[in-house]
Amino acid sequence: MVVVSLFVLNRNGSLIYSYETQGSHLSSNDKIRLSSTFHGISAIAAQISPKRSGGSFSSLQGIRTLDADTFRLQCFHTATGVKIFCVLLPPYVDADLLLRQVYAHYSDFVLKNPFYELDMPIRFETFEKEVQRSLAEFHARLV
Amino acid sequence: MIYNFYAFGRGRKLLCREEWHRTRPCRDVEEESKYVSGLLITLKSFCQQLGPPRTEAFLAYATSQYKLHSFETVSGYRFVLTTDPSVPDQQESLIHIYQLFVDHVIKNPLYHLGDDLHKCPVFTTKLHSFLLNRPFFASLAS
């Protein structure tokens, strides 16, 4: 498995969806805490940029990839401030397509759902299924 | 393109800061270096918690504007380089800078721990010539 986990954060930085492909060592509290930490880190990283921003949305200037010695985190920023990120294990492959697909599922199966309240945790079976399907397709493309 | 170099001592103390090609001038050096050092500490513990067990260090992050490379020594010194996002992994360059630091700063008997590194002109000259000779120093890497 290359993608270990996938998180969706709302524009305020709180966790609204998370998914793990393997048994996770994180408790749900840890996940909430770490994902809002990421939101903060990303905002500060945008603020200390040495390059003048070319007038793009401030929500698009956060961290895109983060490398540690054992894993890589890849994040997709939407114009409205939603962050979709996943944790990848080596060998690293670009997961941008996967993240964009998850964003498409988010718009199709969550935002268009009349019972969904904005910024609330996502608990929809259809969305979950689509995310799992995209993940399975992503892994199938690798072999 | 290289934008900044920072060296932090133990206890987040800024020992050296250099800048080249910045298009957004830095308003307050002290404030900015506090942000950077604080960010590095947070990133390290973030990586250790989020990553698989036995994750040790944070290496680099990239935004759409720039990339920050970091190398932390066992003794707690941090060497940081900010470049444009297309530059590949720079751990080896930072380890090389650490080597220069050990040879020309730590082994210098006139240097007191925690002093500004500009008191060791040999180190700063070598640092400049090393970074100036990187292939991506002034050009955008392809």
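Numbered from 1 within each chain, the chains take letters A, B, ... in sequence-line order.
- Atoms CG and CG, on B:L68 and A:L66 in that order, are 10.0 Å from each other to the nearest 0.5 Å.
- In this structure, the side chains of B:E56 and A:D69 come closer than 4.5 Å at one or more pairs of heavy atoms.
- One hydrophobic cluster, built from ILVMFWY side chains closer than 4.5 Å, holds both B:Y98 and B:L94.
- The neighbour count for B:Y35 OH, taken as heavy atoms of other residues, nucleotides or ligands under 6.0 Å away, does not exceed 12.
- Both the backbone and the side chain of B:F58 come within contact range of chain A, with heavy atoms under 4.5 Å apart.
- Contact annotation: the side chain of B:E19 never approaches that of A:P50 to less than 4.5 Å [non-hydrogen atoms, C-beta and beyond].
- A:R52 and B:P25 get closest at one heavy-atom pair: NH2-CD, 4.3 Å.
- Proximity to chain B (any heavy atom under 4.5 Å) is shown, for A:I41, by both the backbone and the side chain.
- Between chain B and the options A:L89, A:D30, A:I48, A:V87, heavy-atom pairs under 4.5 Å are most frequent for A:I48.
- Per-residue heavy-atom pair counts under 4.5 Å with chain A were compared for B:Q48, B:Q49, B:E32, and the maximum is reached by B:Q49.
- The minimum heavy-atom distance between A:A45 and B:Y66, with the atom names listed, is O-OH, 2.6 Å.
- Looking only at side-chain heavy atoms (C-beta outward), B:F46 and A:L73 come within less than 4.5 Å of each other.
- Contacts between B:L50 and chain A at a heavy-atom distance below 4.5 Å involve backbone atoms as well as side-chain atoms.
- Hydrophobic clustering of Ile, Leu, Val, Met, Phe, Trp and Tyr side chains at less than 4.5 Å, counting indirect connections, keeps A:F76 apart from A:L34.
- Contacts between A:R33 and chain B at a heavy-atom distance below 4.5 Å involve the side chain alone, from C-beta outward.
- Listed options A:T37, A:L26, A:I63 were ranked by heavy-atom pairs under 4.5 angstrom with chain B; first place goes to A:I63.
- Other residues, nucleotides and ligands place no more than 12 heavy atoms under 6.0 Å from the NZ atom of B:K126.
- Around atom CZ of B:R54, no more than 12 heavy atoms belonging to other residues, nucleotides or ligands sit under 6.0 Å away.
- Looking only at side-chain heavy atoms (C-beta outward), A:K51 and B:R24 stay at 4.5 Å or farther from each other.
- Of the listed residues A:G40, A:S42, A:A46, A:S49, the one with more heavy-atom pairs under 4.5 angstrom with chain B than any other is A:S49.
- Here CG of A:D67 is found 11.5 Å from CG of B:L43. Values are rounded to the nearest 0.5 Å.
- At a threshold of 4.5 Å between side-chain heavy atoms, the hydrophobic network of Ile, Leu, Val, Met, Phe, Trp and Tyr places B:I2 and B:L59 in two separate groups.
- No side-chain heavy atom of A:T65 sits under 4.5 Å from any side-chain heavy atom of B:Y61.
- Within the 3.5 Å criterion, the main-chain N or O of B:T63 finds no donor-acceptor partner in the side chain of A:R64.
- Between A:A68 and B:C47 the shortest heavy-atom distance is CB-SG, 3.9 Å.
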